[in-house]
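Shown next, in structure tokens, is the structure this report addresses.
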Protein chains: 2
Amino acid sequence: MAEAIKRGEKLSVLAYKKIEEMILNGELKPGERLNEHRFSVKYGLSRGPVREACRALERDGLVVSSPGRGVVVRQVTPKELYEIYDLRALLTGFMCQLAAQKCNEGGAAKLKKLNEEMKSAIEANNSEEYYKTNLEFHELIAKLAENETAHKVYNRLVKETHAHRFAVLDPEITIKQHAYIIEAIENQDADEARKRGEEHVLAGKERWLKRINEDGDGTHS
Amino acid sequence: MAEAIKRGEKLSVLAYKKIEEMILNGELKPGERLNEHRFSVKYGLSRGPVREACRALERDGLVVSSPGRGVVVRQVTPKELYEIYDLRALLTGFMCQLAAQKCNEGGAAKLKKLNEEMKSAIEANNSEEYYKTNLEFHELIAKLAENETAHKVYNRLVKETHAHRFAVLDPEITIKQHAYIIEAIENQDADEARKRGEEHVLAGKERWLKRINEDGDGTHS
DNA sequence: AATCAGTAAACTGTCAACAGTTTACTGTAG
DNA sequence: CTACAGTAAACTGTTGACAGTTTACTGATT
């Protein structure tokens with residue numbers, strides 16, 4: 001019994017979304033092959049739109065393909081992760097700078113609220129909520145920055161690595177660093193906001209580096 | 001008589017390259033529609049691979065599509081150009097910083113050589129050569145930076161805007177700014193290299209802003 | 001002259017079929 | 001036991017056909 005994809009949008013778009021979802025929720029693991037024939041049978045559509053979706057996924061860095069061998073969920077190497085961390089730091093800093101230049105009291109208040117929610121989530125041992133609210137925090141900064149291109153580039157980098165569980169959480173440090181960032185934004189100190197935004201992500205990178213030096217491994221399930 | 005695409009690589013990849021080339025060399029203009037039926041007849045392949053190529057081009061930001069209406073070469077708005085300028089400045093600065101941290105005397109010498117060649121090209125009134133060597137200069141910085149992810153993101157941004165002739169050339173300033181950048185890289189002064197790299201691109205942005213304020217137009221043929 | 005309705009052609013999105021390639025398995029030889 | 005060759009099934013890349021949508025054109029009405 002095929003799980004028919006609900007029609008309405010172009011099938012190639014729906015296929016993209018479904019495959020993306022499968023990658024982001026771990027159903028498809030890095031290194032794992034996507035069988036377009038089986039996917040099309042399972043979801044009740046022809047292979048054409050599946051192939052189109054795969055081309056898009058490939059350009060977005062979520063999968064890798066070789067002629068004759070279909071597509072495989074992309075495995076991001078430690079070197080790539082290292083590079084992506086630096087770029088995320090750069091972009092986060094940039095967006096914090098812009099947010100400091102552009103945002104009003106309402107924006108800073110919302111950031112504070114999210115950071116408080118993260119604190120509450122940790123105190124309640126709810127790491128799912130903590131993680132989700134952390135994403136919202138960074139999403140809000142990107143919104144306040146009002147540079148849609150930067151936002152897109154940033155999101156793409158985040159998505160490229162999402163299938164890999166490489167983040168080393170340290171809520172205490174994170175919440176504190178968020179508060180420093182908020183302070184700089186509130187004070188409309190763009191240079192300081194940029195610096196603190198970069199440092200925040202680079203701190204995460206250092207934690208990761210420390211962990212791989214202990215584990216000899218770039219990922220964590 | 002179809003201009004058959006030479007086979008060997010996947011047809012979808014060849015179609016991507018052909019369409020990309022047509023966009024970058026101005027044969028396909030921003031706002032212009034790509035007719036997949038006509039393209040397939042002209043180049044002697046079926047529509048399937050053309051469609052796959054279009055999905056890839058779309059994800060790369062070179063074209064835009066709407067259901068039922070095929071793909072149109074993307075028109076980049078002045079706001080987008082503004083944003084992209086800022087991101088290019090950010091990435092250029094970052095790569096200059098890395099280059100200053102990583103490169104040896106050979107690298108700086110090559111940059112000097114390219115800057116001299118640009119100077120010669122201008123003196124000989126050869127703007128084609130000047131433009132080409134300028135691209136090589138920036139390409140070399142990206143290479144010396146050794147962050148492939150940054151390089152890719154940068155190239156993508158450059159390509160997204162390439163169909164638009166928005167750059168306002170000022171060779172005298174450019175060559176001087178390149179020399180400042182080279183100096184900082186040679187001195188392995190990463191912070192200064194980053195600052196000078198950013199300023200160099202932001203100077204180009206200012207020239208463009210000045211021009212659109214005079215023309216009320218974001219592009220230039 | 002401008003607008004609307006109808007019609008046909010062209011185009012786009014999808015499907016199923018075909019041919020070549022890759023994978024998986026089995027049997028044989030060293 | 002390992003390596004190689006052969007075979008068949010499954011899969012990938014491409015093609016052409018079909019159906020629905022969009023575009024372009026014509027004629028009628030205001």
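Chain letters run A, B, ... following the sequence lines, proteins first and then strands; every chain starts at 1.
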Can you tell me which nucleotide in [options] comes closest to the side chain of [X]?
X	options	value
R47(A)	dT14(C), dT12(C), dT14(D)	dT14(D)
R33(A)	dC15(C), dT23(C), dG13(D)	dT23(C)
R38(B)	dC11(C), dT14(C), dG13(D)	dC11(C)
L11(B)	dT14(C), dT15(D), dG13(D)	dT15(D)

Starting at atom [atom1] of [X], determine the distance to atom [atom2] of [N], rounded to an integer number of angstrom.
X	N	atom1	atom2	value
R55(A)	dG13(D)	CZ	P	6 Å
E9(B)	dT14(D)	CD	C1'	16 Å
E52(B)	dT12(C)	CD	C1'	15 Å
L14(A)	dC15(C)	CG	P	11 Å
F39(B)	dC11(C)	CZ	C1'	16 Å
K42(B)	dC11(C)	NZ	P	14 Å
N35(A)	dC11(D)	CG	C1'	7 Å
L34(A)	dC11(D)	CG	C1'	12 Å

First of G68(A) and S12(A) reached from the 5' end of DNA chain C, by closest nucleotide
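The answer here is S12(A).
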Quick one: do the N147(A) and Y82(B) side chains pair a donor with an acceptor below 3.5 Å?
no
Are side-chain N/O atoms of E146(A) and H151(A) paired as donor and acceptor at under 3.5 Å?
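No, because no side-chain N or O of E146(A) sits under 3.5 Å from a partner of the opposite role on H151(A).
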Could you tell me how the ring of H178(A) sits relative to the ring of H138(A): parallel (under 30°), tilted (30 to 60°) or perpendicular (over 60°)?
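The rings of H178(A) and H138(A) stand perpendicular, inter-plane angle above 60°.
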R69(B) vs P49(B), nearer the 5' end of DNA chain D by closest nucleotide
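In this pair, the answer is P49(B).
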Which one of R55(B), R69(B), R47(B), K42(B) satisfies the salt bridge (charged side-chain N to carboxylate O under 4.0 Å, His left out) criterion with E36(B)?
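In the set R55(B), R69(B), R47(B), K42(B), the residue that makes a salt bridge (charged side-chain N to carboxylate O under 4.0 Å, His left out) with E36(B) is R47(B).
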S46(A) vs dT14(C): side-chain N/O to OP1/OP2 distance below 4.0 Å
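The answer is no; no side-chain N or O of S46(A) sits under 4.0 Å from OP1 or OP2.
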Any side-chain N or O of H37(A) less than 4.0 Å from the OP1 or OP2 oxygen of dC11(D)?
yes
Between T133(A) and E117(A), is a side-chain hydrogen bond (donor to acceptor under 3.5 Å, both in side chains) present by the stated rule, with each step listed?
CA-CA 7 Å; T133(A) 310; E117(A) 283 172 19; 4.5 Å; no
